[in-house]
2 protein chains.
Amino acid sequence: MSAEAATGEAWEDITPDAARRLVVAAVQAFAERGYHATTTRDIAGRAGMSPAALYIHYKTKEELLYQISRVGHQRSLDMLREARDGGGSAADRLAAAVRAFVRWHAEHHTTGRVVQYELGALAPDHYGEIVALRRQSEDAIRAIVAEGVAAGEFDVPEVPGTTLAVLSLCIDVARWFNPAGRRTPDEVGALYADLVLRMVRAEGGPVADRDRPEAGDGGLQAVQDLPDPPETADRRRSDQQ
Amino acid sequence: MSAEAATGEAWEDITPDAARRLVVAAVQAFAERGYHATTTRDIAGRAGMSPAALYIHYKTKEELLYQISRVGHQRSLDMLREARDGGGSAADRLAAAVRAFVRWHAEHHTTGRVVQYELGALAPDHYGEIVALRRQSEDAIRAIVAEGVAAGEFDVPEVPGTTLAVLSLCIDVARWFNPAGRRTPDEVGALYADLVLRMVRAEGGPVADRDRPEAGDGGLQAVQDLPDPPETADRRRSDQQ
DNA sequence: GTCTATACTTTGATAGAC
DNA sequence: GTCTATCAAAGTATAGAC
């Protein structure tokens with residue numbers, strides 16, 4: 001499978017053709033060099049256009065990133081919700097979620113890198129929208145974990161923290177996966193589903209009255225301790241550390 | 001603890017004072033905005049200097065990143081080797097490695113972000129040097145895992161893949177950790193050590209003749225499927241996907 | 001919709017006074 | 001060692017012809 005085919009697969013829906021070529025080119029460039037190191041000339045060049053032609057389809061470079069980020073996050077969310085709402089035990093559904101999420105991040109690791117690691121370059125309002133999608137993704141995984149604990153199927157030290165670890169493990173696949181390596185996306189998905197089930201599986205029988213999911217939104221906030229907000233011209237010093 | 005104190009802690013050794021201020025400023029700026037989005041004016045400004053003063057202490061912006069990356073990776077490696085060579089069972093040593101590595105990435109998440117996520121901006125020769133350090137870090141963890149398997153203490157689906165997952169889990173802490181969140185670095189370290197032990201722990205007794213570490217360097221290459229090489233002017237198209 | 005040409009800004013890095 | 005002033009290059013985005 002060629003580089004362009006693998007990247008392009010995720011963007012079949014986009015029309016017209018020139019716009020899709022720009023998105024595919026932007027994904028590849030952003031993944032390779034990062035958003036800020038990528039020039040509009042580079043994107044346009046990869047798409048076979050002059051630098052000016054980019055602006056017919058996208059108002060700014062950031063709008064390209066926003067499109068990529070939004071579609072990628074929505075796709076992730078759909079995938080996780082489908083696993084959450086699928087049939088079977090909590091273990092079945094958690095394994096399905098991890099398998100699908102990891103396989104996607106391996107298969108589309110180029111897109112995955114942009115989606116997961118270039119968030120900070122989004123404009124503040126776009127950033128906020130994406131963070132909302134990320135929270136919902138975490139909600140989906142946490143629901144499965146919490147249900148497994150409530151059913152006595154799982155035994156975890158802490159529901160929100162375990163959820164965070166599971167999500168984190170899956171996301172980082174986009175960073176390290178190398179298609180020239182020894183594992184296929186399917187194999188990584190299977191391995192990770194196995195490892196995650198080991199993390200949450202109850203060793204003995206059902207464990208009652210322990211680590212029940214908290215009522216209301218008590219745990220919802222902690223979810224995925226949020227990444228930094230994007231830079232702005234007037235706030236140069238961060239108070240986050 | 002102030003932002004500067006937390007970041008500065010890791011850089012006490014650097015002299016003269018102006019050089020250290022520049023490194024601390026660069027770490028903060030690179031972590032917030034990324035290497036490419038950070039200007040030398042910004043770094044110098046945070047360090048209380050004029051833009052030109054930066055070049056008395058560092059020849060280029062990249063040299064600053066290299067210094068940060070090298071020190072951070074060396075520190076990580078020392079930490080992991082110390083755990084590997086410490087006393088106790090394989091479980092004790094793996095828990096110690098994860099606890100220390102995770103705690104460091106949480107406490108110094110600002111530095112951690114630069115160390116783990118800005119690799120791609122290094123010059124090719126510097127990049128190669130850093131990759132060598134990363135391989136050695138992975139070697140240290142894999143050694144503990146392999147020893148646990150050999151002793152029948154651990155039962156894992158695959159030694160190199162499990163090692164990769166453990167390392168990946170720890171690294172990603174730098175991305176998501178938020179000091180304003182509910183967990184302290186110590187708590188995250190303890191949680192993650194627990195989760196990792198669940199991943200590798202044998203459920204029954206010793207499991208013999210299974211998943212023995214491969215002889216020689218058979219598994220060494222797979223280690224950490226390498227991140228992409230840094231960009232160069234003449235290689236615009238990547239063949240990695 | 002795409003091109004060539006270009007306006008305008010910001011960038012990394014240097015020169016030379018002190 | 002630090003400053004002010006500045007250069008050359010590269011950046012995003014636009015203008016106007018076709």
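No hydrogens, no waters, no symmetry mates; every other heavy atom, side chains included, goes into these values. So you know, we letter chains A, B, ... as the sequences are listed, proteins then strands, and number each from 1.
No salt bridge links B:Arg81 with B:Asp85; every basic N to acidic carboxylate O contact stays at or beyond 4.0 Å. Taking the charged nitrogens against the carboxylate oxygens, B:Asp42 and B:Arg33 do have a contact shorter than 4.0 Å, which makes a salt bridge. A salt bridge is defined here as a Lys NZ or Arg NE, NH1 or NH2 lying under 4.0 Å from an Asp or Glu carboxylate O, and A:Arg20 with A:Asp17 meets this definition.
Rounded to whole Å, atom C1' of D:dG11 lies 14 Å from atom CZ of A:Arg33. Atom OH of B:Tyr35 and atom C1' of C:dG12 are 9 Å apart (whole Å). Atom CD1 of A:Ile56 and atom C1' of C:dG1 are 5 Å apart (whole Å). Distance, B:Leu22 CG to C:dA13 P: 13 Å, rounded to whole Å. The interatomic distance linking A:His36 (NE2) with C:dT11 (P) rounds to 11 Å, in whole Å. In this structure, B:Asp42 atom CG and C:dT11 atom P are separated by 9 Å, rounded to whole Å.
Formation of a donor-acceptor pair under 3.5 Å by the B:Tyr35 side chain with backbone atoms of B:Gly120 is not found in this model.
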*At under 4.0 Å between heavy atoms, which parts of nucleotides 13-18 of chain D does protein reach? Answer with one letter per nucleotide, 5' to 3': B base, S sugar-phosphate only, - none.*
BBB---
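Looking at heavy atoms from C-beta onward, B:Trp104 lies in side-chain contact with B:Arg75 at the 4.5 angstrom threshold. Side-chain contact between A:Lys61 and A:Phe30 is present, with at least one heavy-atom pair separated by less than 4.5 Å.
End-to-end axis angle of the helix from C:dG1-D:dC18 to C:dC18-D:dG1, from C1' rotation axes over five pairs per end: 0° (rounded to 10 degrees).
Of all the heavy atoms in A:Leu169 and A:Val196, the pair that sits closest is CD2-CG2, 4.1 Å.
The side chain of A:His57 places an N or O atom within less than 4.0 Å of a non-bridging phosphate oxygen (OP1 or OP2) of C:dT2.
Annotation: ring-ring contact (aromatic ring centres under 6.0 Å, His included) contacts involving residues 46-73 of chain A, sequence neighbours excluded, comprise A:Tyr66-A:His126.
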